[in-house]
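We count ligands from 1, going down the list as the structure has it; atoms in each ligand are counted the same way. If you're wondering where the values come from, they're calculated on a predicted model, not measured in any experiment.
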Amino acid sequence: MLILGIESSCDETAASVVRDHTEVLSNVIASQVEEHKLYGGVVPEIASRRHCENILWVVQKALDEAHVTLEELDGIAVTYAPGLIGALLVGVNFAKGLALAANKPLVPVHHIAGHIAANYIAHPELKPPYLCLVVSGGHSHIVEVLSYTEFRVVGRTRDDAAGECFDKCARAMGFPYPGGVHIDKAAQKGDPGAFTLPRPKIAGNEYDFSFSGLKTAVINLLHNTQQKGETLDHNDLAACVQKTISDVVTEHTMRAAVDLGYNTIAVAGGVSANSGVRKAMTAMCEKKGFSLHLPPLSLCGDNAAMIACAGSYNFDAGIRADAGLNAYATMSLEENVPENP
Ligand code: KG4
Ligand code: ZN
């Protein structure tokens, strides 16, 4: 089975051809990060325009590199939610046009289901059910992966996502966008015990997260130091931010795993590239005897191979869309069925 995946939910225009669910034949990514860096974050209008400019050659390159023709495809999978609405619309409309012209089934994919599926590419032995920690720029979820296409979200962020917190702390510290990776690098040289940062517990759901207090604490610490004319070691602060986020996401995931009876765990999303999160999850899973699956660094961030992989499983489950498919800026992973399947 050959599935073309198309991804345009944020600032990466990506296309990929995947054979039999997990064999990646091509994985093309046109990143806009250098341009958005000038503004300290993603500018939605610019993102949409760049997707329009890039999508045709990105898809063509993905087909060429895979040595696959449009006719040979079994289906065209596309991210339809969640994300920047203008950005999503470019991918969705391109995929709709292509599916119509080539007379191929159109398969809608939820972006977070895509991130989760990145693990199947790297670890074909991983099979549902298992528990997945999803940590990205827009989401922090603890998800029961019930099947390849069914999910139950048992923990979620009440405010900022883990990646958003990394990026906002990094911005306050003067690092360029996206700051998560800069915190990761600086943290290697810092003391994770230098500062005590807040680790809020959420009344009512002990698997939920809240990261806005951590971000505020970091901003206040930086302001207070500046006002006193003192300097603060940014490597130490980066190490403390990373340790706090890594510990919190790991503790909550472990608690959920024990309570809900899972001993197979996966991590997904851009923040799964973070060395602190990877180390903390690895150490805790070893201690508890859980089997842990981490995506390779190349598949942690946004890419279309993960969309094609998730799309292959959606295809198997009979999930289809027609020319009426819309894009959605927000969409729960649980109600992940488009209006007109
Ligand atoms: O999954 P993703 O590529 O996009 C969304 O779907 O949101 O995640 C992007 C997020 C950004 O916040 C970025 O700073 C963060 O992942 N990120 C990292 C690292 N690499 C990417 N955060 C911490 N450490 C990293 N090494
Ligand atoms: Zn993403």
Side-chain angles (χ1 to χ4, degrees), residues 5-14 16 27 29-33 36-37 40-42 44 47 79-84 87-88 91 109-119 132-141 143 156-157 160-173 175-188 190 209 211 214-215 218 238-250 266-281 294-307 309-310 329-331 333:
I6 297 176
E7 155 66 35
S8 71
S9 67
C10 191
D11 58 348
E12 262 99 27
T13 319
S16 163
N27 189 13
I29 304 176
S31 173
Q32 309 169 4
V33 72
H36 296 293
K37 208 179 252 182
V42 177
T79 307
Y80 77 104
L84 299 171
L88 284 165
V109 175
H110 190 284
H111 183 74
I112 298 301
H115 273 299
I116 294 170
N119 280 291
C132 188
L133 166 69
V134 181
V135 270
S136 74
H139 297 84
S140 299
H141 282 348
V143 180
R156 49 174 58 78
T157 184
D160 293 352
E164 198 179 348
C165 183
F166 266 114
D167 292 346
K168 286 178 176 169
C169 290
R171 189 178 175 149
M173 291 160 72
F175 291 119
Y177 170 84
V181 68
H182 297 284
I183 297 234
D184 198 344
K185 279 191 193 133
Q188 318 292 328
F209 306 108
F211 290 114
L214 168 59
K215 169 196 68 187
V218 166
C240 293
V241 168
Q242 179 160 305
K243 169 117 181 77
T244 307
I245 295 176
S246 305
D247 284 355
V248 167
V249 296
T250 301
V267 187
V271 181
S272 59
N274 182 264
S275 63
V277 170
R278 294 175 87 92
K279 255 185 238 152
M281 286 294 293
L294 295 165
L297 294 184
S298 59
L299 293 177
C300 290
D302 289 346
N303 65 85
M306 68 186 196
I307 301 302
C309 176
T330 55
M331 162 81 62
L333 187 55

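- The shortest contact between atom 6 (O) of ligand 1 and any protein heavy atom is with His111 NE2, 3.1 Å.
- For Glu12, the heavy-atom gap to ligand 1 stays at 4.0 angstrom or more.
- Distance from atom 24 (N) of ligand 1 to its nearest protein heavy atom, with residue and atom name: Asn274 ND2, 2.9 Å.
- In this structure, His115 and His111 have perpendicular ring planes: the angle between them is above 60°, well past the 30° mark.
- Protein heavy atom in closest approach to atom 21 (C) of ligand 1: Gly270 O, 3.4 Å.
- In terms of polar-atom proximity, defined here as any N/O pair under 3.5 Å, Asp184 does make such a contact with ligand 1.
- Among the atoms of Cys10, no N, O or S atom is found under 2.8 Å from the Zn ion (ligand 2).
- Closest protein heavy atom to atom 15 (C) of ligand 1: Val271 CG2, 3.9 Å.
- Between Phe166 and ligand 1, not a single N/O pair is under 3.5 Å apart.
- In this structure, the protein non-hydrogen atom closest to atom 7 (O) of ligand 1 is Gly137 N, 2.8 Å.
- Side chain of Arg278 to main chain of Ser272: a donor-acceptor pair is present (N/O by atom type, distance under 3.5 Å, no hydrogens or angles).
- An N or O contact shorter than 3.5 Å links Gly138 to ligand 1 by distance.
- For atom 22 (N) of ligand 1, the closest non-hydrogen atom on the protein side is Gly180 CA, 3.4 Å.
- As for Asp302, its N/O/S atom nearest the Zn ion (ligand 2) is the one called OD1.
- Contact annotation: His111 places an N, O or S atom under 2.8 Å from the Zn ion (ligand 2).
- Nearest non-hydrogen protein atom to atom 14 (O) of ligand 1 is Asp167 OD1, 2.6 Å.
- Among protein heavy atoms, atom 2 (P) of ligand 1 sits closest to Asp302 OD1, 3.5 Å.
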